[in-house]
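Values below: all heavy atoms of this structure, side chains included; hydrogens, waters and symmetry mates excluded.
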Amino acid sequence: MSSGLFATPAVESLRLAMDDAAIRHQAIASNIANVNTPGYRRMDVSSSFEQAYSDAITRLSNGETVSELPEARIETAAVQGPARPDGNTVQIEQEMVNMAQNSAKYEFAGQMLAQNYHGLKLAITGQS
């Protein structure tokens, strides 16, 4: 994680949220792209990353520092939906809902981060 003026728990939490949403977007996009691929099994972020992300957010909310997260990996999802006759486990409706929720999470974190930096700019320069 970064240190210094910009390494507040709020900024670090927002950065983590954006990192999580970015890797999750890759998994969802892969699922959508392969919706018609026979035998394709739904992908998601690795469970080790999920746990590390959850632990990091908890530590930040308690005012603690966070070391680097493990590299996020996309792997076959632990929970699969029912397979179609061709063996594909992607449910396009659920993936589209996941994409919308994930996009909203990323957008929200980005807007909050921009507001945080705007507030710093205003405090430093006295201008908006």
Side-chain angles (χ1 to χ4, degrees):
M1 295 284 157
S2 54
S3 61
L5 177 65
F6 302 111
T8 66
V11 169
E12 290 299 308
S13 295
L14 292 169
R15 188 184 69 77
L16 285 174
M18 291 182 78
D19 288 350
D20 176 65
I23 190 70
R24 194 168 304 281
H25 180 86
Q26 291 177 14
I28 296 167
S30 178
N31 293 337
I32 292 170
N34 286 288
V35 69
N36 291 321
T37 303
Y40 180 83
R41 297 186 46 83
R42 185 178 169 277
M43 304 298 278
D44 202 353
V45 295
S46 66
S47 57
S48 62
F49 179 79
E50 289 268 3
Q51 186 61 49
Y53 171 76
S54 178
D55 292 346
I57 293 297
T58 300
R59 286 195 305 274
L60 284 169
S61 67
N62 292 333
E64 301 172 31
T65 59
V66 175
S67 61
E68 288 294 323
L69 290 176
E71 184 176 332
R73 290 187 337 264
I74 297 173
E75 57 188 28
T76 301
V79 177
Q80 297 287 329
R84 297 189 315 241
D86 68 358
N88 189 306
T89 61
V90 174
Q91 297 175 354
I92 190 66
E93 297 84 2
Q94 186 59 50
E95 296 302 325
M96 297 305 288
V97 168
N98 292 346
M99 179 70 81
Q101 290 174 336
N102 194 61
S103 295
K105 177 182 176 180
Y106 188 88
E107 181 68 23
F108 175 76
Q111 287 177 358
M112 295 304 295
L113 198 55
Q115 285 181 350
N116 185 294
Y117 288 133
H118 180 72
L120 286 172
K121 176 184 172 188
L122 187 59
I124 292 169
T125 64
Q127 305 174 31
S128 55

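A pairwise comparison of heavy atoms in Met43 and Ser30 identifies CG-OG, 4.5 Å as the closest pair. Considering every non-hydrogen atom in both Ala17 and Tyr53, the closest pair reads CA-OH, 3.6 Å. In plain terms, the two heavy atoms of Arg42 and Asn31 that are nearest each other are CG-ND2, 3.5 Å.
Considering only residues two or more places apart in sequence or on other chains, Ser103 meets the side-chain hydrogen bond (donor to acceptor under 3.5 Å, both in side chains) condition with none of them. Taking the side-chain contact (heavy atoms from CB on, under 4.5 Å) definition, one finds that Asp55 meets it with Gln51, Arg59, sequence neighbours left out. The side-chain contact (heavy atoms from CB on, under 4.5 Å) check on Ile32 picks up Ile28, Ile92, Glu95, Met96, Met99, with sequence neighbours excluded. Applying the side-chain contact (heavy atoms from CB on, under 4.5 Å) test to Ala27 and every residue at least two apart in sequence or in another chain returns Ile74. Under the side-chain contact (heavy atoms from CB on, under 4.5 Å) criterion, Gln94 pairs with Gln91, Val97, Asn98, not counting sequence neighbours. Under the side-chain hydrogen bond (donor to acceptor under 3.5 Å, both in side chains) criterion, Ser13 pairs with no residue, sequence neighbours left out. Applying the side-chain hydrogen bond (donor to acceptor under 3.5 Å, both in side chains) test to Asn88 and every residue at least two apart in sequence or in another chain returns nothing. Every side-chain hydrogen bond (donor to acceptor under 3.5 Å, both in side chains) that Gln80 has, sequence neighbours left out, goes to Thr89.
Distance check: Leu14 CG to Asp19 CG gives 11.0 Å after rounding to the nearest 0.5 Å. Between Met18 atom CE and Ile23 atom CD1 the span is 14.5 Å, to the nearest 0.5 Å. Rounding to the nearest 0.5 Å places CD of Gln115 at 8.5 Å from NE2 of His118.
Sequence neighbours left out, not one pair with a member in residues 108-117 passes salt bridge (charged side-chain N to carboxylate O under 4.0 Å, His left out). Every pair passing salt bridge (charged side-chain N to carboxylate O under 4.0 Å, His left out) that includes a residue from residues 23-40 is listed here, sequence neighbours excluded: Asp20-Arg24, Arg24-Asp44, Arg24-Glu50. Among residues at least two apart or in separate chains, there is no salt bridge (charged side-chain N to carboxylate O under 4.0 Å, His left out) pair with a member in residues 29-38.
Distance alone, capped at 3.5 Å, is enough to place a donor-acceptor pair between the Thr58 side chain and the Ser54 backbone.
A donor-acceptor contact closer than 3.5 angstrom is absent between the side chains of Asp86 and Tyr40. Using modelled atom types, one finds a donor on one side chain and an acceptor on the other under 3.5 Å when comparing Glu107 with Gln111.
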Please evaluate residues Asn34 and Val90 with respect to the criterion side chain to side chain contact (heavy atoms under 4.5 Å, CB included), reporting the C-alpha separation (whole Å), side-chain torsions for both, the decisive distance (0.1 Å), and the verdict.
CA-CA 8 Å; Asn34 286 288; Val90 174; 5.6 Å; no
